[in-house]
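What follows is one structure encoded as structure tokens, with my remarks underneath.
Just follow the structure's listing: the first ligand is 1, and inside any ligand the first atom is 1.
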Amino acid sequence: MSTQTTLTQFIIEQQRKLPEASGDLTLLINDIAAACKRISHTVNRGSMTGMLGSAETENVQGETQKQLDIITNDIMVEALDWTGHLSGMVSEEVDDIIPIPEQFPKGKYLALFDPLDGSSNIDINLTVGTIFSILAGEDGADARQEDFLQKGTEQVCAGFVLYGPSTMMIITTGQGVNGFTLDQDVGEFILTHPQMTIPEETQEFSINMSNQRFWEPAVQRYIDECLQGTEGSRDKNFNMRWVASMVAEVYRILTRGGIFLYPVDNRDSGRAGKLRLMYEANPMGFIVEQAGGICSTGYERILDIQPTDIHQRVPVILGSKSEVERVTAYHQE
Ligand code: AHM
Ligand code: MG
């Protein structure tokens, strides 16, 4: 008999430890996993789908959408709206709340997602992913905008799926972080990376250096010191990586440590960083903290931010504890 643990089995066993659990969350996670298998299949077929390239439309943030941004969003919505577990959804790709259609029952959870993170990489066949977050809503009612405006500390579950050389789901329900690899032959996510933890110390940083001239002094100082290596105050050499897919950077940090920064910059005074609080920073913050790391804006813990808008942006600095603590200390000075 196989000793492999599937995602479903793992989540059911975790939920059994909680006497108040009804099983709804397990079913919801299964539905998300099913949607992500479809996305994995679609992304994997690449040009054969005839769906690469721009959709010639913009999302609410004014970014040009890829055809696959829209298609993967539709896959998520169609996989989740009928299930009876949700009272509403929000997506990085959709301006307003996505309601549950009249004909379907409404449930107690809210789903928030970025259906295809890193989609600028899709045409060049690099790793992309889906990021999701689950909050508790009002059971049986239609979700309103304010229902979603909960702090990251309120998340019931967060995860992301990587579409890379292998398809993986990384997930937390607040009891540590576990990684599952999709066995394409049997169509199941199999537990391959139990209890992932981020090494406290690191010599690898991740930032888009082309924005250097726009950064705040604290980030300038931190990166300068890394670049000076053994000749500077850090007295060690650093390596640098920038994939431009947050899912890939966070997975790397979960595996071998590191620090990721998408800081606030002065390119556009109205913009507080690039990444979105609800679809990227909060779910990744929950995962990173559960793996022993830190996630901050430089000034405050991401998970403590009171959201004011479902599409708001925030600066994000996350990863190995000692490095994130150093950057946040520079921000206080
Ligand atoms: P997206 O959700 O539209 O793909 O944007 C988010 C992505 C992150 O995955 C990544 O860290 C960042 O944007 C890269 O931005 P840049 O192209 O400015 O380096
Ligand atoms: Mg994204």
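- Residue contact check: Glu92 has heavy atoms under 4.0 Å from atoms 1 (P), 2 (O), 3 (O) of ligand 1.
- A distance of 6.0 Å or more separates the ring centres of His85 and Tyr109.
- Using a 4.0 Å cutoff on heavy atoms, Gly118 counts as a contact of ligand 1.
- Under 4.0 Å from ligand 1, the heavy atoms of Arg276 that appear belong solely to its side chain.
- Only the side chain of Tyr262 comes within 4.0 Å of ligand 1, counting heavy atoms alone; its backbone N, CA, C and O stay farther away.
- Between the side chains of Asn282 and Ser133, no donor N or O sits under 3.5 Å from an acceptor N or O.
- Of all the heavy atoms of Asp114, the ones lying under 4.0 Å from any atom of ligand 1 belong exclusively to the side chain.
- Each of the following atoms of ligand 1 lies closer than 4.0 Å to a heavy atom of Met246: 8 (C), 9 (O), 10 (C), 11 (O).
- In summary, the atoms of ligand 1 found under 4.0 Å from a heavy atom of Ser119, numbered by their order in the structure, are 4 (O).
- Follow the hydrophobic side-chain contacts under 4.5 Å out from Met278 and you reach Leu110 in the same cluster.
- Its side chain within the 4.5 Å cluster rule, Ile124 clusters with Leu126 among the Ile, Leu, Val, Met, Phe, Trp and Tyr residues.
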Tell me which donor-acceptor pairs under 3.5 Å the side chains of residues 31-45 have, and how far apart each pair is, sequence neighbours excluded?
unit_1 : atom_1 : unit_2 : atom_2 : d
Lys37  : NZ     : Gly187 : O      : 2.6
Ser40  : OG     : Thr167 : OG1    : 2.8
Thr42  : OG1    : Arg38  : O      : 2.8

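- We find that Glu333 and Arg221 are joined by a salt bridge, their nearest charged nitrogen and carboxylate oxygen being less than 4.0 Å apart.
- Using a 4.0 Å cut-off between charged side-chain N and carboxylate O, Glu201 and Lys321 make no salt bridge.
- Within the 4.0 Å heavy-atom shell around ligand 1 one finds Phe260.
- Distances from ligand 1 to the non-hydrogen atoms of Glu280 include at least one value under 4.0 Å.
- Counting the atoms of ligand 1 from 1 in the order shown, those under 4.0 Å from a heavy atom of Ser245 are 9 (O).
- Annotation: Ser120 places no N or O atom under 3.5 Å from an N or O atom of ligand 1; distance criterion only.
- Ligand 1 has an N or O atom lying under 3.5 Å from an N or O atom of Asn208, backbone or side chain.
- Nearest heavy-atom pair across Val243 and Arg252 is CG2-NH1, 3.8 Å.
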